[in-house]
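Beneath this line is the structure, given in structure tokens, with notes to follow.
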Amino acid sequence: MYNAFYAGFIDMQPIEAHKPDLTPAIDLTDEQKLQARQQCFYGCVFCGSPVFRYYFQPDSAAAVLICHLHAKQLRTTLLSPSTLLERIRQPFNQQRINKPGFSFDPNRRVQVSVGMNTVYADFVADSEEQYCIWVNGQEFFTLHAESGWLCFSFSLSDNTGQPLIRVERGELIQSPEQWDYTYEINTLKIRDLQRRLQFTAQLCNDRVLLTKGNFIDSFGDGFVVEGNRVIAMLDGQKGGQYMHRIEPGRYKGGWALFNKIRHPELVMPGNFAFVCAAKRKYSGSER
Ligand SMILES: [Zn+2]
């Protein structure tokens, strides 16, 4: 269902310019991707960004993780190929292993905040997931614990529910061309062509703090996160606001929106801290 939803948009991803020094690694197996993530410590080798693409290392079949910004700098020769080789030997996230990065302490909870609302995620096993935003069966923001590191999957939409960005385990699969990605002081910011912020999230080893983004499906159901506020949307209309701080508890999920009218067959995975369920009647309809 997840893939089918996006199938029509795969072709929208920008084609990277070919340069001998920087070739997108598009046909990697899941195993090769996992290996590259581990070797690069789950981030861009230059800045540690948890959103990246896979490229072939110069003169090698192995892949390296490079974010949108640094791929651009390599192509425009703001960064030299020798700096790339240096960074492959010593990825940014390896150097900051004792500072906030993505390597998390399994004995400590990861704080997950969406707007003012907070849950705490416990990752006990080596490979686990926490659904942060879930709408009608579709995951919009998911945390994965993988070999002791955190990585992120998310889908961002515009305010009508058209998908704009898709990130899977850190890999930028779909994005409008020319959008701007920065990762500074643990904060990922995505800006559109007009330089307006479309996404802001602090992503580090003990805290995930989401303060900006539209997470809406093609029917207009979902959540809009705007600073402190989390606004639930149903059929494209504002359904209610969520501003609660809850006691730490064991939840396998954060924010779920569940439109029982449109999806009577759906079963929610896990145990969500916040659930918004649609019970509104369609006007003039007995459905
Ligand atoms: Zn980077």
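Remember, it's 1-based here, ligands and their atoms both numbered in the order they're listed. Basis for what follows: all heavy atoms, side chains included, without hydrogens, waters or symmetry-related copies. What you see is a predicted model, and the numbers here were worked out from it, not measured in a lab.
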Checklist entry - Is there a path of hydrophobic side-chain contacts, each under 4.5 Å between heavy atoms of I, L, V, M, F, W or Y residues, that connects F52 with L78? => result no

Next on the checklist: From the N, O or S atoms in H70, identify the one nearest to the Zn ion (ligand 1).
Outcome noted: ND1

Checklist entry - Does any non-hydrogen side-chain atom of N259 lie less than 4.5 Å from one of L234? => result yes

Item to check | Exercise: identify the closest heavy-atom pair between Q174 and P163 | outcome: NE2-O, 3.4 Å

Checklist outcome for this item: So the angle subtended at the Zn ion (ligand 1) by C44 atom SG and C47 atom SG, rounded to 10 degrees, is 110°

Item to check | Electrostatic pair R53:E171 at N-O distance under 4.0 angstrom | outcome: no

Item to check | Contact flag H68/the Zn ion (ligand 1), N/O/S atoms, threshold under 2.8 Å | outcome: no

